[in-house]
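Below you'll find the structure, written out as structure tokens, and then a few comments.
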There are 2 protein chains.
Amino acid sequence: MPAAPVDQPEHRSGPLLDHLARRMRIRSESVLTPLGLRPRHLVALTVLRDAGGISQRDLAGTLQLDGTNVVGLLNDLEAAGLVERRRSAEDRRRHVVELTEHGATRLNEAECALAVAEDDVLGALEAGERETLYTLLRRASAGAAGSCAQAVADGADACGEAATDEVDSAGNC
Amino acid sequence: MPAAPVDQPEHRSGPLLDHLARRMRIRSESVLTPLGLRPRHLVALTVLRDAGGISQRDLAGTLQLDGTNVVGLLNDLEAAGLVERRRSAEDRRRHVVELTEHGATRLNEAECALAVAEDDVLGALEAGERETLYTLLRRASAGAAGSCAQAVADGADACGEAATDEVDSAGNC
DNA sequence: GTAGATGGTTTGTGAAGCACCAACCATTTA
DNA sequence: TAAATGGTTGGTGCTTCACAAACCATCTAC
């Protein structure tokens, strides 16, 4: 073997992300079940809290989920009163989706409950590191939100911000 | 509404991890297909590179995957010559699984190819931040590896280290 | 040495998550 | 008025799993 110029080993986060997400999801499931939620509900709620009132189409884009399946997901959440569909004033075809107050509270409760799962999966990291991780994930998530590339292609301009507003839901465990 | 004592909003990485992993997986799929790999193969290969020669049982534990399904996964990888099953000398029931040289090379190629997907999903982060993210994920992954809790329960002592050895596969894109 | 536990394998079965298609209504835009 | 668009419903099918059952090889304990 030609002993290859060993310099810059690739550092891809993808597989690690995948791996940890899976571990976390498995742990989370048992914690979430008593609350009547599934991991994907949490994902949707989290996205909705960050994204404010967006259309289902945009939500589908952010979630990278087929539109028809978003309908079902939202049906669940709306039936539980965690989310609200309102017709948009500007375009009455659109549904503006938003967290209800109950939804925000419930999301917060769920996050508290998830502490156990997180301790388990992220146990090797100290508090400060976990916070760093959270910040990075959140930034990445916000940045990738509507997929800028696509937004640009559409001639839209939803790229610049969407990043750093305060999380303001009730924060008591 | 009672305006709740807004202090410590929960910062749970779980849902974000889930969200980003999904986005990444979707992006990765198209990049990986030409290489005849699936995202979950990459996860397994990555884990195997880090974990060295471990038994299938331990691999199943790390992957949190049912043993019977690990068999199928390894069948794929072995058929492609990326992985090798050897009978353990100490316990001939056990199969010691290890990356072949070809497997390491292929993993590296795949990681190079994944740059595109990563740029796409992690676009909001700069190079330094991505490296930080990678480091954190890797540490978390290594720490959670065999699930320390379980290892302790078994009376084993595989908790302390497993963290920071150099990645040493051929690193040329 | 024999019994029972353990690691691995095969062959199912079934559930969940999801993409995709088709048809449909309400609304907006051309 | 004719597309195009956002949302909804219902259906099909694929993939990824968990779980069960039956089996072989091997190890451990009695």
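In the text below, chain A, chain B and the rest are named by the order of the sequence lines, each starting its count at 1.
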Requested in this report: Look at B:R40 and D:dT16 and indicate whether a side-chain polar atom (N or O) is within less than 4.0 Å of OP1 or OP2.
Outcome: yes
### Query
Is the shortest side-chain N/O distance from A:R85 to OP1 or OP2 of D:dT8 below 4.0 Å?
yes
Test item: side-chain donor near acceptor, A:Q64 and B:R27, under 3.5 Å: no
Looking at B:V96, is its backbone amide N or carbonyl O close enough to the side chain of B:R86 to form a donor-acceptor pair, meaning the two atoms are under 3.5 Å apart? no
Is the shortest heavy-atom distance from the side chain of A:E98 to the side chain of A:L48 under 4.5 Å? no
Of the candidates D:dC19, D:dC17, D:dC27, the side chain of B:D91 sits closest to D:dC27
Of A:V97 and B:G67, the one whose nearest nucleotide on DNA chain D sits closer to the 5' end is A:V97
With no hydrogens and no angle check, is any side-chain donor or acceptor of A:T100 less than 3.5 Å from a backbone partner on A:G81? yes
- prompt: Base, sugar-phosphate alone, or nothing: which one does B:R25 contact when heavy atoms must sit under 4.0 Å apart?
  reply: nothing
At less than 4.0 Å, is any side-chain N or O atom of B:R92 found next to OP1 or OP2 of D:dA25? Yes or no. no
Ranking A:V70 and A:R22 by the position along DNA chain D of their nearest nucleotide, the one closer to 5' is A:V70
Taken to the nearest whole Å, CG/A:D66 to C1'/D:dC14 is 14 Å
Within the pair A:Q56 and D:dT8, is there a side-chain N or O less than 4.0 Å away from OP1 or OP2? yes
Whole-Å distance, A:L59 CG to D:dG7 C1', equals 13 Å
Does any part of the side chain of B:N108, heavy atoms only, come nearer than 4.5 Å to the side chain of B:E111, both counted from C-beta? yes
With a 4.0 Å cutoff (strictly under), does any side-chain N or O of A:R57 reach OP1 or OP2 of D:dG6? yes
Margin query: Donor-acceptor check, side chain of B:R57 to backbone of B:H95, threshold 3.5 angstrom: yes or no?
Written below: no
Outer limits of DNA chain C sitting under 4.0 Å from a non-hydrogen atom of chain A, read 5' to 3', are C:dA16 to C:dT28
In whole angstroms, the gap separating P of D:dT5 from CD of A:E90 amounts to 18 Å
Nearest-nucleotide check on DNA chain C, B:S55 vs B:N69; residue mapping nearer the 5' end is B:S55
Notebook entry, point to check: Is a donor on one side and an acceptor on the other found under 3.5 Å between the side chain of B:R106 and the backbone of B:L35?
Noted result: yes
